[in-house]
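Numbering of ligands and ligand atoms starts at 1, following listing order.
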Amino acid sequence: MDAREMKIKAAEAALQHVENGMRLGIGTGSTAEEFVRLLAEKVAAGLKVEGVPTSERTARLCLELGVPLKSLDELPELDLTIDGADEVDAALRLVKGGGGALLREKIVASASSRMIVIADETKVVETLGKFPLPIEVNPFGLTTTRIAIEKLASRLGLSGEIKLRKSGDGPFTTDGGHYIFDAFFGRIPDAEALAIQLNSIPGVVEHGLFINMASFAIIAGPAGARTLQAK
Ligand SMILES: O=C(CO)[C@H](O)[C@H](O)COP(=O)(O)O
C-alpha cells in the first residue's frame, strides 16, 4: 500500500463517523483532501451535511466537488471535525500546521463536539518534535517575537533553529495574513508547558500544538486502519 492509499484508508474509516445532517469541520492537507473526495461522493449520492472549511485551499476543493459549505459564523457549533496531522503521540497530542492552516484548524476543532484525526503510520511518534513546530506569528515585530520564542524555548530546555517559512521569494502568508516560524526543537518532552507559554507571547497568534483536542485518531498502515485512543 503506498502513502496515498493509506491516506484514503484513514479517510474511508473516518467517513463511517459522518451522519446525515451533521455540521462538519473539514481539515486541510493531503489526507483531509482524500476525505473531501470521499465525502463529495456521498454528498452526490444524497448525504446531507454542511461543512466549514479550515482553509481557502479546502474551501476551493469542496466547492469544486460540490460539498456544501458554510462559514463558521453561520455554523458556530459543529458536530465533528475531521483533519490530518503532522505528528500524533500516544496521548493524542498533535503537531499541526505543516500546511499552514493551524489557526483556522484550531478554531474549527475547538468549535466541534468531536475531532477525529486521520493520518498514516509515519505520523505516529513517541515524543512530539521531530516535525518542526509551526508557530503562526503577526508580521509586526518578527525579530522580537523570534527572540521571545528562543528565550522561552531555552527556559524549557529546548533549542534549535527557528526559521521563517518561505513561499517563493517572500514569506509564506497564512489565510489570516500572518507568517509562520517553523521551530526545529527536535524533541518536546513537555508539550503542555510549551503550548501554554507560547500563547503568552504577544506576537504569537497561535501554534501547532493541539492538546486535548482530538477525540481519537484513525491511523492507516499497510495492514489497514486502526483506531488510536488516548492512553
Ligand atoms: O495541519 C495541517 C495543515 O495545516 C495538516 O493537517 C497536516 O500538515 C497534515 O497534512 P498531510 O495530510 O498533507 O500530511
Colleague: Please list, in number order, the atoms of ligand 1 under 4.0 Å from a heavy atom of Asp86.
Modeller: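 Once the distances to Asp86 are compared, the set is 1 (O), 7 (C), 8 (O), 9 (C).
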Colleague: Going by the atom numbers of ligand 1, which of them fall below 4.0 Å from some non-hydrogen atom of Thr28?
Modeller: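 Reading through ligand 1 atom by atom, the close ones are 2 (C), 3 (C), 5 (C), 6 (O).
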Colleague: Heavy-atom pairs closer than 4.0 Å: do any link ligand 1 to the side chain of Ala85, the backbone, both, or neither?
Modeller: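 For Ala85, the contact with ligand 1 is made by the backbone alone.
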Colleague: Would you call Glu87-Lys130 a salt bridge at under 4.0 Å N-O?
Modeller: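 No, Glu87 and Lys130 are not salt-bridged.
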Colleague: Identify the protein heavy atom lying closest to atom 10 (O) of ligand 1, giving its residue, its atom name and the separation to 0.1 Å.
Modeller: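 Looking only at protein heavy atoms, the one closest to atom 10 (O) of ligand 1 is Gly29 CA, 4.0 Å.
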Colleague: So which pairs with a foot in residues 2-28 pass ring pair (Phe, Tyr, Trp, His ring centres under 6.0 Å), sequence neighbours left out?
Modeller: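 Listed once each, the pairs are His17-Phe216.
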Colleague: Using a 4.0 Å cutoff against the non-hydrogen atoms of Gly100, which atoms of ligand 1 qualify?
Modeller: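 Contacts of ligand 1 toward Gly100, numbered from 1: 4 (O).
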Colleague: Answer yes or no on whether Lys106 is positioned over the face of Phe210, meaning its NZ or CZ is under 6.0 Å from the six-membered ring centre and within 45° of the axis.
Modeller: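 Yes, cation above the ring, under 6.0 Å and within 45°.
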Colleague: Compute the shortest N/O to N/O distance between Gly97 and ligand 1 and return yes if it is under 3.5 Å, no if not.
Modeller: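 It does: an N or O of Gly97 is found under 3.5 Å from an N or O of ligand 1.
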Colleague: Go through ligand 1 atom by atom and flag the ones less than 4.0 Å from a non-hydrogen atom of Gly84.
Modeller: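 Listed by number with element, the hits are 6 (O).
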Colleague: Does Met6 reach the side chain of Ile219, with side-chain heavy atoms less than 4.5 Å apart?
Modeller: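 No, every pair of side-chain atoms sits at 4.5 Å or beyond.
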Colleague: Name the closest protein heavy atom to atom 13 (O) of ligand 1, giving the residue it belongs to and the distance to 0.1 Å.
Modeller: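 Going by distance alone, atom 13 (O) of ligand 1 is nearest to Ser30 OG, 2.5 Å.
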Colleague: Could Asp79 and Arg23 be called an ion pair, given the rule that one side-chain N must be under 4.0 Å from one carboxylate O?
Modeller: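 Answer for the salt bridge query: yes.
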Colleague: With nothing but distance in play, are any N or O atoms of Ala101 less than 3.5 Å from an N or O of ligand 1?
Modeller: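 Yes, at least one N or O pair falls under 3.5 Å.
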Colleague: Geometry only, no angles: is Lys7 polar-contacting ligand 1 at N/O separations under 3.5 Å?
Modeller: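 No.
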Colleague: Distance under 4.0 Å to a non-hydrogen atom of Thr31: what atoms of ligand 1 satisfy this?
Modeller: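 Here the atoms of ligand 1 in question are 11 (P), 12 (O).
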Colleague: For atom 2 (C) of ligand 1, what's the nearest protein heavy-atom neighbour? Residue, atom name and distance, please.
Modeller: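 In this structure, atom 2 (C) of ligand 1 has Glu105 OE2, 3.3 Å as its nearest protein heavy atom.
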Colleague: Under a 4.0 angstrom heavy-atom cut-off, which atoms of ligand 1 come close to Asp83?
Modeller: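 Listed by number with element: 6 (O).
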Colleague: Identify the heavy atoms of Leu47 and Val18 that sit nearest to each other, and give their distance.
Modeller: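 Looking at all heavy atoms of both residues, the shortest contact is CD2-CG1, 4.0 Å.
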Colleague: Within 45 degrees of the ring normal and closer than 6.0 Å to the centroid, is that where the cationic atom of Lys163 sits relative to Phe184?
Modeller: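 Yes - Lys163 lies over the ring of Phe184, closer than 6.0 Å to its centre and within 45° of its axis.
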Colleague: Taking side chain to side chain donor-acceptor pair (under 3.5 Å) as the definition, give me every residue that meets it alongside Asp190, ordered by chain and number, with sequence neighbours left out.
Modeller: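 If we apply the side chain to side chain donor-acceptor pair (under 3.5 Å) test to Asp190, skipping adjacent residues, there are no hits.
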Colleague: Please confirm whether Lys123 comes under 4.0 Å of ligand 1, counting heavy atoms of the residue only.
Modeller: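 It does, in that a heavy atom of Lys123 comes within the 4.0 Å cut-off of ligand 1.
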Colleague: Can a donor-acceptor pair be found, under 3.5 Å and without considering hydrogens, that links the side chain of Thr54 to the backbone of Thr28?
Modeller: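 Confirmed, Thr54 side chain pairs with Thr28 backbone.
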